[in-house]
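For reference, the structure is listed below as structure tokens.
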Amino acid sequence: MNGNGSSRSAGPKPYMNPYLAGVVLGLTLLASFLVLGVGLGASAGIARLGASLQGCIMPGHVQASEYFGSWGKAPLRYYLVYMFAGTLLGGLVSAVVSRRVQPQLERGPTAPRGLRILLALVGGVVVGFASRLASGCTSGQALTGGAMLATGSLLFLVSVFAGGYATAYFVRRQWQ
Amino acid sequence: MITTFFGSDALGSNGAFLVALVLGFGFGVALELAGFGSSRKLSGIFYFRDMTVLKVMFTAMITAMLGLHLLLAVGVITNDQIYFLPTVYGAQILGGLIFGVGFAMAGWCPGTAAVGVASGRLDAVIFLVGAMVGSVLFNELYPTLAPVYHWGDVGVKFLWAALGVSSNVFVLVFAWVAVVAFWGAEWIEKKVAGTGVYLGSRFLKVFSIAILVVGVAQAILPSATPTPVATAGAGEPALLAAVEAGEDHIEPEELADRLMAGDKTLVLVDIRTPAEFAAFHIPGAVNVSVSELPDYLAPHKNQGTIVLYSNGMTHPAQARDALARLGFNNAYLLTDGLDGFMRRVLKPVSLREAPVPSDLGAKIRAWRLFFLGSPKSSAPQPALAPAEANKLVLPEWLAQNLSRQDVRIIDVRPQPAYNSGHIPGAVRVDPEHLRGVVGGVSSMLLPGDMIARHLGLLGITPKTTVVIVPSEKLQDATLVAIALERVGHRRYAILDGGWERWVAEKRPVDTALPEVHPTEYPFDPKADTFSVDYRTVLQHSERRTAVLLDVRPADAFSGKKVEEARGGHIPGAVNRPFTSDVATTNGTTALKPVAELEQAYAGLIPSKDSPVVVSCRTGHQASQTFYVLKHLLGYRNVMWYDGGWTEWASRPELPVESKP
């Protein structure tokens, strides 16, 4: 890693032009439509991981429950679980190449650590719950269904931003 | 033309998993390159300081939308190869609002959090743990939330169709809105954060023009854009061709194999009545009435395999053809219906006429094990085997089954007698409460829906074994029994010897109130095939096509004693007082031995298949004879004229015979 000073000197590489990144993302989604016949998704992978972990602790209960139970005895044998693993992997490779791996609790310069942890945790619970209620998240509903022009998915997209803008003011302290 | 993993039903294959992993990789790279490994950057959109989320998301949507639209238009891919997301108004709007709250709090959404974890963000790890907890929470609350989850489920719906425009026009407008949004986002960034680096840049101008041009091109290019919802029905010739080729069937063996393999793409629909469904159905089936099929199946239109079945094939075939006309290309009917499934899949090897090859034999055993459970399975067996249903049970049997949740005891004795002691858990039913004025005739058995409501209040379901406890008046018990039959409830028995024998054998007695959890009893309006009205009876009387059995006392039959408008009996009727079937010994009234009854009725009715109409004054006593003939002696064609002499005598146009 010594020798070539010009590539070593810089910190993280700059982000990609967002429009071009959008095109890359859109082409990935299109490829998913054409090969898998379904769009992208992320929350189902997380939920199935949750079901699987809960199943380790209380297998009978998970199998007997109406929602998780419908996923069968091997909830991880599902394409979206593999897609989630791929997303982690792709993110990791890209972050390493772009020198953007920075272990940290990301927050505003004066924001209390505890507040950020609390909001990330509660926000996670809320998002995990809502993704199951709506059968998808920003990837599986908003992006995928939006590209299909599905009525419900576009309503989901609008609702997400309505909910987000209504909340943002009250949680702004974490970014200050 | 492309065949997708979804289109070939292979989303659960290892190949699909590998493709998903690769696509996920691309997804992760795209998100990371856009800067979505940072929660601070992501959350910028909520404070107007960084609009990257809007730019990336809108561009991605436009890109995929244009691409998909063009490829569908030129026929590279057809819409049956793609899983279109259904619209569930309530769940998606409410879910979206809640999601937005969490998104703004955490600064993450599920996909970006994966990239955040890869970028070393601790808050992304915390978020993902939370999201798993939230998913588990949803699962735990699902029984309560299920109505919300399905609230406003209208199946696959497209916004352009709702707005009444063509999809091309909508995509064009969407592209233009996106361009305006991009310029707006840049302008907002410039105002709020002093960035907006692409505002007025050569790049954004070229990019905007490119989107607009492609948008216009797709709008004018092929006029014959396939419209996913408007997939016209197959058309009659195509439908008839499919019927001729037998393409509308699925064989029971194939269905059994796919169910055993846990095929999630199967939608198995039982279109029989709720009562039949409750009694038995193929595991995994849902019960939907024919009229509700289009609504229920809308989310599955052209996705997966819909299989309809009934006992036979007529109704499923009619329903399947109607669905095909509605544009369903994935509806099938089960060859030979449930009967065929029983005969070809579940019938044990030992009972099959034709020799069974060993590999088929092994298959049959596997099917039976899967669908019927292992013989040693601990699954609760019904308290009463079907063969024993409607018979008499001994106090000893009832004592052994007293604690079962699926046994309900009905005591028909008067209120004071019941209150001062009854079989533990028994409920009291006054047989008169099951009767009322119907069509101007008094003391008629109530219509089925009212009886079903009664049964629901008693906590009875189609799976409950009902044991009726008579006292000295056996007809009180048989009237309750005939009420059960009217709603299609077959699983009942009458306690032999009744209350008196129970007490004489020193069985447990209780005065406490029974525990009852009301249910909704689904009744089968077609279950009552045995009740006949005076018109039918008149026909049988004139043509002598049935044995008319009048069970009133002899002096009422002969016309010697007149308690009604007129005395006498229906022309051609024969008399066999109901009291002739019982004997009282030591205060215990019980039916006479079956052999004795058998002999008595053999002299009155030519064969077990002969039509018989039983009647009395109000239908009450005749219910006892009905029970004796049908359930104890096995006469197969017994009818019950509930109106009886009360009605017959009051209709002056009806003929009367007044000599025996």
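None of these values were measured; they are calculated from a predicted model. Keep in mind that the numbers below use all heavy atoms, side chains included, and drop hydrogens, waters and symmetry copies. Per chain, numbering begins at 1; letters A, B, ... match sequence-line order.
The aromatic ring centres of B:Phe6 and A:Tyr79 sit 6.0 Å or more apart. Residues B:Phe99 and A:Phe156 bring their aromatic ring centres within 6.0 Å. Two rings, from B:Phe207 and A:Tyr19, have their centers less than 6.0 Å apart.
Proximity to chain A involves both the backbone and the side chain of B:Phe103, based on heavy atoms less than 4.5 angstrom apart. Residue B:Phe27 touches chain A through both its backbone and its side chain, counting heavy-atom pairs closer than 4.5 Å. Heavy atoms closer than 4.5 Å to chain B are found nowhere in A:Arg173, neither backbone nor side chain. Using a 4.5 Å cut-off between heavy atoms, A:Gln54 touches chain B through its side chain atoms alone. Heavy-atom distances place the side chain of B:Leu145, and not its backbone, under 4.5 Å from chain A. Proximity to chain A (any heavy atom under 4.5 Å) is restricted, for B:Leu204, to the side chain, taken from C-beta onward. The parts of B:Ile93 that come within reach of chain A are both its backbone and its side chain, each placing non-hydrogen atoms under 4.5 angstrom from that chain. B:Ile2 touches chain A through its side chain: at least one heavy atom from C-beta onward sits under 4.5 Å away, while N, CA, C and O do not. Neither the backbone nor the side chain of B:Val154 comes within contact range of chain A; no heavy atom of the residue lies under 4.5 Å from a heavy atom of that chain. At a 4.5 Å heavy-atom cutoff, the contact between B:Tyr198 and chain A is made by side-chain atoms alone. Heavy atoms of A:Ser43 lying under 4.5 Å from chain B belong to its backbone as well as its side chain. Heavy-atom distances place the side chain of B:Phe203, and not its backbone, under 4.5 Å from chain A. At a 4.5 Å heavy-atom cutoff, the contact between B:Leu71 and chain A is made by side-chain atoms alone. Looking at B:Ser43, the atoms closer than 4.5 Å to chain A (heavy atoms on both sides) all sit in the side chain, from C-beta outward.
Distance check: A:Tyr15 OH to B:Asp50 CG gives 8.5 Å after rounding to the nearest 0.5 Å. From B:Phe5, atom CZ reaches atom OG of A:Ser32 across 11.0 Å, with rounding to the nearest 0.5 Å. Remark: B:Phe158 CZ to A:Leu154 CG distance equals 10.5 Å, nearest 0.5 Å. To the nearest 0.5 Å, atom CG of residue A:Leu34 and atom OG1 of residue B:Thr4 are 9.0 Å apart. With rounding to the nearest 0.5 angstrom, the CG atom of A:Leu36 is 11.0 Å from the CD1 atom of B:Ile82. Note that CG of A:Leu80 and CZ of B:Phe17 are 10.0 Å apart. Values are rounded to the nearest 0.5 Å.
Contact count versus chain A (heavy atoms, under 4.5 Å) is highest, among B:Val197, B:Leu68, B:Val76, B:Leu137, for B:Leu68. Across B:Leu163, B:Thr112, B:Leu141, B:Ile98, the residue that shares the most heavy-atom pairs under 4.5 angstrom with chain A is B:Ile98. Taking chain A as the reference chain and counting heavy-atom pairs below 4.5 Å, the highest number among B:Ser39, B:Ala114, B:Gly111, B:Ala64 is found for B:Ser39. Heavy-atom pairs under 4.5 Å with chain B were tallied for A:Leu133, A:Val126, A:Leu30; the largest tally goes to A:Leu133. Of the listed residues (A:Val35, A:Val101, A:Leu155, A:Leu89), the one with the most heavy-atom contacts under 4.5 Å to chain B is A:Val35. The most heavy-atom pairs under 4.5 Å with chain B, out of A:Ala150, A:Gly45, A:Gly39, A:Gly86, come from A:Gly86. Most heavy-atom pairs under 4.5 Å with chain B, from the set A:Val171, A:Val160, A:Leu121: that is A:Val160. Of the listed residues A:Val24, A:Thr167, A:Val93, A:Leu149, the one with more heavy-atom pairs under 4.5 angstrom with chain B than any other is A:Leu149. Between chain B and the options A:Leu27, A:Val38, A:Leu105, heavy-atom pairs under 4.5 Å are most frequent for A:Leu105.
A donor-acceptor pair is defined here as one N or O able to donate and one able to accept, closer than 3.5 Å; such a pair exists between the side chain of A:Thr151 and the backbone of B:Leu159. Under the 3.5 Å distance criterion, the side-chain polar atoms of A:Arg116 are matched with a main-chain donor or acceptor of B:Ala106. Panel note: side chain A:Tyr67, backbone B:Ser135; no donor-acceptor pair is recorded below 3.5 Å. Of the possible donor and acceptor atoms, one in the side chain of B:Tyr47 sits under 3.5 Å from a partner among the backbone N and O of A:Ala168. Using a distance-only test at 3.5 Å, with no hydrogens or angles considered, a donor-acceptor pair links the side chain of B:Thr87 to the main chain of A:Gly152.
Remark: B:Arg40 does not engage A:Glu106 in a salt bridge, criterion side-chain N to carboxylate O under 4.0 Å. For the pair A:Arg107 and B:Asp123, the salt-bridge criterion is not met [side-chain N within less than 4.0 Å of a carboxylate O].
Residues A:Arg77 and B:Gly12 approach most closely at NH2-O, 3.6 Å, considering heavy atoms.
Between the side chains of B:Tyr149 and A:Ser135, at least one donor N or O lies within less than 3.5 Å of an accepting N or O.
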